[in-house]
*Asks:* 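One structure, pasted below without further comment.
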Amino acid sequence: MICPAQDTPKERQWISNLDAVEAIYHVPLSYFYKPNGSSDFFKSQVLKEALRKTLVPFYPMAGRLGSDENGRLQIICNAEGVLFIEAETTAAIDDLGDFVHSLKLRQLVTTFKCGGVSLGIGIHNTFSDGTSSLDFINRWSEIARGLSPIRGAPLIDRTLLKARVPPTPTFHHVEYDPPPSLMFNLDPKSKPFVSVFKITHNQLNALKAKSFKNDNTTKYSTYAILAAYIWRCVCKARGLLDDQPTKLYIPTNGRPRLNPPLRPSYLGNVTFIASLIDLSGNLQSEPFINTVEKIHGTLKRMDSEYLQSALDYLEKLPDITAARREPEVFQCPNLNVINWSRLP
């Protein structure tokens, strides 16, 4: 176990409603590095010492999940540390080819026979979102490389995302409504599988060209265009009936959307969900630009007032765990499209 390099606060931290609705599991990340000829390339002792130093400002990451007297999750900051595992394999990185992610790769530093290294990291979903997790990893990387810190200390104050008093939701939050059910039974023998689809620059440009409509001057994001295309394709690939409702979930970073904006260094979940429902038949028959416009409009609605309303809505739920985004929420006929393109 790797513990913080110096004493850190011993406390129990309240978690926000956004932390509480996250599914309870570790998010696995894997990074692969080919040898660069350096004599100290990925020395484990350097990584461990840098991790110890990183856990000082990010001290909640060295803690544990617990519960308060009402059963609500909370973070117990006790400096018990994080698990660090080292392994070796007779395989080479190039032997892997194109592969899909496996949960077995998490929390490992694996050395390959070619001299390359893979770094597998598992960060609990309740502790942080993608932005916070990458802030932690980048800080660890900077310290390991002996660089001067270029980031300020993480902002550790989850009460910044408390609901208003009294909570006063002003919108209907479809994102937390129960998802549509499939109108026909799936083959019981069918099993989920993972596929990787690569979209070329030319294909992306072709999709962008379809998003222009007469004298429309609206500039749609690459995400909105790709999400529209993926949603339509998934409906077709699943063979959904025309009158089958399907729900699209769009995780959105709320830091820059709140007023005042929340600092990028905030440690915790600031993931708000934009969501919309449509019929499969509509999506597959309407002009492509119409689907893009729907997604664009849904994202544009995610301003500070809507986000504060979402926090208030969750506060008023009798049982907030009912809104937890478990994996089955995104099962057929529904879809979750996550954008990690801005995360290094």
*Asks:* Please determine if E86 and K48 form a salt bridge, counting it only when a charged side-chain N lies under 4.0 Å from a carboxylate O.
*Replies:*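 Yes, charged N to carboxylate O under 4.0 Å.
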*Asks:* Report the distance from atom OG1 of T110 to atom CZ of F112, rounding to the nearest 0.5 Å.
*Replies:* 6.0 Å
*Asks:* A side-chain contact here means heavy atoms from C-beta on lying under 4.5 Å apart; do S275 and L248 qualify?
*Replies:* no
*Asks:* Do I76 and F127 sit in one hydrophobic cluster, given that two such residues count as connected whenever their side-chain heavy atoms are within less than 4.5 Å of each other, even indirectly?
*Replies:* no
*Asks:* Say you draw a straight line from CG of L47 to OG of S141; how long is it, rounded to the nearest 0.5 Å?
*Replies:*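 Between L47 CG and S141 OG, I get 9.5 Å after rounding to 0.5 Å.
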*Asks:* Would you call E22-R324 a salt bridge at under 4.0 Å N-O?
*Replies:* no
*Asks:* Give the cluster check for L134 versus M61: same hydrophobic cluster or not, with ILVMFWY residues linked at side-chain heavy-atom distances below 4.5 Å.
*Replies:* yes
*Asks:* Restricting to non-hydrogen atoms, name the atom on E326 and the atom on A23 that form the minimum distance, rounded to 0.1 Å.
*Replies:*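 Heavy-atom minimum between the residues: OE1-CB, 3.8 Å.
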*Asks:* Would you indicate whether the side-chain heavy atoms of L73 and D19 approach each other to under 4.5 Å?
*Replies:* no
*Asks:* Following the transitive rule for hydrophobic clusters with a side-chain heavy-atom cut-off under 4.5 Å over Ile, Leu, Val, Met, Phe, Trp and Tyr, establish whether L299 and V174 coincide in one cluster.
*Replies:* no
*Asks:* Would you find more than 12 non-hydrogen atoms of other residues, nucleotides or ligands less than 6.0 Å from N185 atom CG?
*Replies:* no
*Asks:* Would a distance-only check, ignoring hydrogens and angles, find a side-chain to backbone donor-acceptor pair under 3.5 Å from T246 to Q244?
*Replies:* no
*Asks:* Under a 3.5 Å cutoff, is there a donor and acceptor pairing between the side chains of T291 and R232?
*Replies:* yes
*Asks:* Can you find a side-chain donor-acceptor pair between R255 and S132 that sits under 3.5 Å?
*Replies:* yes
*Asks:* Pair R52, F84 - check side chain to side chain contact (heavy atoms under 4.5 Å, CB included), show working.
*Replies:* CA-CA 11 Å; R52 289 189 183 96; F84 189 98; over 6 Å; no
*Asks:* Return the minimal non-hydrogen interatomic distance between S265 and A153, and the atom names on each side.
*Replies:* OG-O, 3.7 Å
*Asks:* Looking at K316, I'd like to know if its NZ atom is crowded, meaning that more than 12 non-hydrogen atoms belonging to other residues, nucleotides or ligands lie closer than 6.0 Å.
*Replies:*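 Result for NZ/K316: open.
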*Asks:* Is the ring pair F42/Y33 parallel, tilted or perpendicular, if the boundaries are 30 and 60 degrees?
*Replies:*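 Answer is tilted, since the angle falls between 30° and 60°.
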*Asks:* Between the side chain of S133 and the main-chain N/O of G130, is any donor-acceptor distance below 3.5 Å?
*Replies:*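 No, the answer is negative, given that no donor and acceptor are paired below the 3.5 Å cut-off.
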*Asks:* Closer than 4.0 angstrom, basic N to acidic O: yes or no for R263 and D135?
*Replies:* no
*Asks:* Once you round to the nearest 0.5 Å, how far does CG of N269 lie from CG of N125?
*Replies:*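 Reported value, rounded in 0.5 Å steps: 6.0 Å.
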*Asks:* Do you reckon F58 sits in the same ILVMFWY cluster as I121, going by side-chain contacts under 4.5 Å, direct or chained?
*Replies:* yes
*Asks:* Decide side chain to side chain contact (heavy atoms under 4.5 Å, CB included) for I295 and Y220; before the verdict, give the C-alpha distance in whole Å, the side-chain angles of both, and the deciding distance to 0.1 Å.
*Replies:* CA-CA 9 Å; I295 294 174; Y220 302 109; over 6 Å; no
*Asks:* Grouping I, L, V, M, F, W and Y whenever their side-chain heavy atoms are under 4.5 Å apart, do I2 and Y59 come out in a common cluster?
*Replies:*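 Yes, I2 connects to Y59 through the hydrophobic network.
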*Asks:* Could you grab the distance from atom OG1 of T271 to atom CD1 of I250, nearest 0.5 Å is fine?
*Replies:*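 Between T271 OG1 and I250 CD1, I get 13.5 Å after rounding to 0.5 Å.
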*Asks:* Output the rest of the hydrophobic cluster of V21: all Ile, Leu, Val, Met, Phe, Trp and Tyr residues reachable through side-chain heavy-atom contacts under 4.5 Å, sorted by chain and number.
*Replies:* L18, L155, L160, L161, F171, Y176, L258, L262, Y266, V270, F272, M302, Y306, L307, L311, Y313, L314, L317, I320
*Asks:* How would you list all residue pairs meeting salt bridge (Lys or Arg N to Asp or Glu O under 4.0 Å) that involve residues 53-77, not counting sequence neighbours?
*Replies:*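 As it turns out, the salt bridge (Lys or Arg N to Asp or Glu O under 4.0 Å) pairs with a partner in residues 53-77, which skip direct neighbours, are R64-E80.
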*Asks:* Distance under 6.0 Å and angle within 45° of the ring axis: does K162 meet both against W14?
*Replies:*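 The answer is yes; both the distance and angle limits are met.
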*Asks:* Does L51 reach the side chain of F136, with side-chain heavy atoms less than 4.5 Å apart?
*Replies:* yes
*Asks:* Are E315 and P169 packed together at the side-chain level, in the sense that at least one heavy-atom pair is separated by less than 4.5 angstrom?
*Replies:* no
*Asks:* Would you say Y25 and P327 make side-chain contact, with heavy atoms under 4.5 Å?
*Replies:* no
*Asks:* Could you tell me whether the side chain of P60 reaches within less than 4.5 Å of the side chain of L267, counting heavy atoms only?
*Replies:* yes
*Asks:* Using a strict 4.0 Å threshold on nitrogen-to-oxygen distance, state whether E305 and R164 make a salt bridge.
*Replies:* yes
*Asks:* Could you grab the distance from atom CD1 of I156 to atom SG of C77, nearest 0.5 Å is fine?
*Replies:* 7.5 Å
*Asks:* Under 3.5 Å, is there a donor on one side chain and an acceptor on the other for Q308 and S304?
*Replies:* no
*Asks:* Which distance, rounded to the nearest 0.5 Å, do you find between the CD1 of I225 and the CG of L204?
*Replies:*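 Reported value, rounded in 0.5 Å steps: 7.0 Å.
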*Asks:* Can you name the nearest heavy-atom pair linking P245 to D243, along with the distance?
*Replies:* CD-O, 3.2 Å
*Asks:* Would you name the heavy atoms of T170 and S309 that are closest together and state the gap between them?
*Replies:*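 Of all heavy-atom pairs spanning T170 and S309, the closest is N-OG, 2.9 Å.
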*Asks:* Please report, to 0.1 Å, the donor-acceptor pairs under 3.5 Å made by any side chain of residues 328-338, with sequence neighbours excluded.
*Replies:*
residue	atom	partner	partner atom	Å
N334	OD1	K247	N	3.0
N334	ND2	P180	O	3.1

*Asks:* With side chain to side chain contact (heavy atoms under 4.5 Å, CB included) as the criterion, how do E286 and E293 come out once you've worked through the C-alpha distance, each side chain's angles and the decisive distance to 0.1 Å?
*Replies:* CA-CA 11 Å; E286 69 184 8; E293 286 177 340; over 6 Å; no
*Asks:* If every non-hydrogen atom of P57 is compared with every non-hydrogen atom of P154, which pair is closest and at what distance?
*Replies:*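 Where P57 meets P154 most closely, the heavy atoms are O-CG, 3.3 Å.
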*Asks:* Under a 4.5 Å cut-off applied to non-hydrogen side-chain atoms, are R238 and S280 in contact?
*Replies:* no
*Asks:* Please tell me if the side chains of I15 and I75 come closer than 4.5 Å, counting only heavy atoms from C-beta onward.
*Replies:* yes
*Asks:* Between V109 and S44, is the side chain to side chain contact (heavy atoms under 4.5 Å, CB included) condition met? List the steps.
*Replies:* CA-CA 8 Å; V109 175; S44 65; 5.8 Å; no
*Asks:* Write down the atom of M1, the atom of G81, and the distance for their closest heavy-atom approach.
*Replies:* CE-O, 3.4 Å
